[in-house]
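As the structure is a prediction and not an experimental result, all values here were calculated from the model. Throughout, numbering of the chain's residues begins at 1 and tracks the sequence.
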Amino acid sequence: MKRLPLAVFSVLALLAFVAAGAIWRFGDVRSQSGATATPPSSASPEASDFSGTFSLTDQNGMRRTDMDFRGKYMLVFFGYTYCPDVCPTSLAIEAEALDKIGSRAALITPIFVSVDPRRDTADRLKEYLAAFDAKPPSPRVKFVGLTGSDEEIAEAAKAYRVYYQAHLDGLHGNGADYSIDHTANIHLMSPEGKFIAYYSPGILPDEMAADLMKRLSAD
């Protein structure tokens, strides 16, 4: 049996190392995030794909619909309060971006829609979102948290082309330890309730702030 030349062996070893690293990185992201990319059928949203409608209950127990927010831009994010890192990270980025645009932030309402009505009650949302709310002297609007029945959440997700799937296999009784895969984009909606754009997970606060300023200045 012929021995491989040293140069060929080195190249093969390097390729194996890179492939292993790619597999490890993919597994790490999947296991830590609590969210996945949108399925291919809804990975490239267009304005015509969004109805942007919802009828849900906010963190104060009030019934809210999309019509309540006409006249203001909306930043709409679907997630859940038990999400390990993608949701709190995304909300923190969103809050920082809004603080960076100063008084213009008052034109935008940030909205967090729970995909976990089983655990995310109005009280739970109120407590959770308090960590991301504006602190004086910030001019931005506080987060609006929304929850509802399974059917109401499903309708809202459909209106925004959001995918989510709870992993409830193996749960018994009132088990509460489960994760949910979900689309992690932040949707920007116009004052007329029309889809404008979405921000992908991992965007930097400065990037989001710059884009928001550009769009707000165009009005």
Side-chain angles (χ1 to χ4, degrees), residues 25-26 28-38 42-45 50 52 54 56 58-59 69 72-116 120 124-147 153 156-157 160-164 179-191 195-219:
R25 283 174 61 82
F26 177 77
D28 184 58
V29 170
R30 292 277 298 183
S31 64
Q32 291 185 19
S33 69
T36 63
T38 313
S42 54
S44 301
F50 286 77
F54 57 79
L56 298 165
D58 72 12
Q59 69 264 50
F69 303 97
K72 285 199 172 185
Y73 291 86
M74 295 188 296
L75 281 172
V76 184
F77 178 75
F78 285 74
Y80 66 112
T81 66
Y82 289 86
C83 180
D85 54 14
V86 166
C87 294
T89 299
S90 296
L91 293 178
I93 289 171
E94 188 176 336
E96 185 175 347
L98 289 173
D99 285 340
K100 285 179 177 292
I101 66 175
S103 61
R104 305 286 283 177
L107 301 173
I108 303 172
T109 300
I111 296 176
F112 177 78
V113 182
S114 172
V115 295
D116 188 17
D120 286 346
R124 169 72 183 176
L125 285 175
K126 180 183 291 187
E127 179 183 6
Y128 180 76
L129 292 175
F132 306 99
D133 273 339
K135 306 297 189 295
S138 173
R140 68 179 168 91
V141 177
K142 291 185 176 183
F143 276 87
V144 173
L146 298 174
T147 188
I153 297 299
Y160 282 83
R161 297 192 71 197
V162 165
Y163 164 83
Y164 65 99
S179 63
I180 301 177
D181 293 339
H182 63 93
T183 303
N185 296 327
I186 300 171
H187 304 84
L188 177 64
M189 307 296 288
S190 76
F195 172 75
I196 298 176
Y198 73 89
Y199 302 106
S200 299
I203 188 171
L204 298 176
D206 285 340
E207 294 172 335
M208 183 185 291
D211 187 74
L212 288 172
M213 282 298 291
K214 179 180 67 176
R215 296 180 187 279
L216 294 175
S217 298
D219 284 352

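- Taking the six-membered ring for Trp and the full ring otherwise, His187 and Tyr160 have centroids separated by under 6.0 Å.
- A pairwise comparison of heavy atoms in Ala209 and Ile101 identifies O-CG2, 3.6 Å as the closest pair.
- In terms of heavy-atom proximity, Ala197 sits nearest to Arg215 at CB-NH2, 3.7 Å.
- Gly102 and Pro139 make their closest contact through O-CG, 3.1 Å (heavy atoms, listed as atom of the first residue, atom of the second, distance).
- Side-chain contact between Ile186 and Val76: absent, with no pair of heavy atoms (C-beta onward) separated by less than 4.5 Å.
- The backbone N or O of Pro205 sits nowhere less than 3.5 Å from a side-chain atom of Glu96 that would complete a donor-acceptor pair.
- Figure legend: Arg124 and Tyr82 shown as a cation-pi pair, the cationic atom lying under 6.0 angstrom from the six-membered ring centre and within 45 degrees of its axis.
- When the options Phe112, Tyr199, Phe132, Phe77 are evaluated for a side chain to side chain contact (heavy atoms under 4.5 Å, CB included) with Ser90, the one that passes is Phe77.
- Taking 4.5 Å as the limit, every side-chain heavy atom of Ile111 sits out of range of all side-chain heavy atoms of Leu75.
- Arg140 places no side-chain N or O within donor-acceptor distance of the main-chain N or O of Ile108, the cut-off being under 3.5 Å.
- Here the shortest heavy-atom pairing between Glu94 and Met208 reads CA-SD, 4.0 Å.
- In this structure, the side chains of Val141 and Leu98 stay at 4.5 Å or more apart for every pair of heavy atoms.
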key: Stepwise side-chain contact (heavy atoms from CB on, under 4.5 Å) check, Ile153 with Leu56   = CA-CA 8 Å; Ile153 297 299; Leu56 298 165; 3.8 Å; yes
request  = Take Cys87 and His182, measure what side-chain contact (heavy atoms from CB on, under 4.5 Å) needs, and give me the verdict at the end.
outcome  = CA-CA 10 Å; Cys87 294; His182 63 93; 3.4 Å; yes
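- You'll find the side chain of Phe69 reaches within 4.5 Å of the side chain of Phe54, heavy atoms only.
- Side-chain atoms of Lys100 and Asp206, non-hydrogen and from C-beta on, do get closer than 4.5 Å to each other.
- For the pair Asp211 and Glu207, the minimum side-chain heavy-atom distance is 4.5 Å or more.
- In this structure, CZ on Phe195 lies 9.5 Å from CZ on Arg161, to the nearest 0.5 angstrom.
- Residues Ser114 and Leu125 share a closest heavy-atom pair of CB-CD2, 4.4 Å.
- Nearest heavy atoms, Ser200 versus Asn185: CA-OD1, 3.7 Å.
- Thr183 places a side-chain N or O within 3.5 Å of a backbone atom of Tyr163 that can act as its donor or acceptor partner.
- When side chains are defined from C-beta on, Leu91 counts as touching Leu129, because their heavy atoms get closer than 4.5 Å.
- By the 4.5 Å heavy-atom criterion applied to side chains, Lys72 and Leu107 are not counted as neighbours.
- A donor and an acceptor atom, one from each side chain of Asp120 and Thr147, are nowhere located under 3.5 Å apart.
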message = side-chain contact (heavy atoms from CB on, under 4.5 Å) for Val144 and Gln59? Distances and angles first, verdict last.
response = CA-CA 7 Å; Val144 173; Gln59 69 264 50; 4.2 Å; yes
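- Listed for the Lys142 side chain is no donor-acceptor partner under 3.5 Å among the backbone atoms of Pro110.
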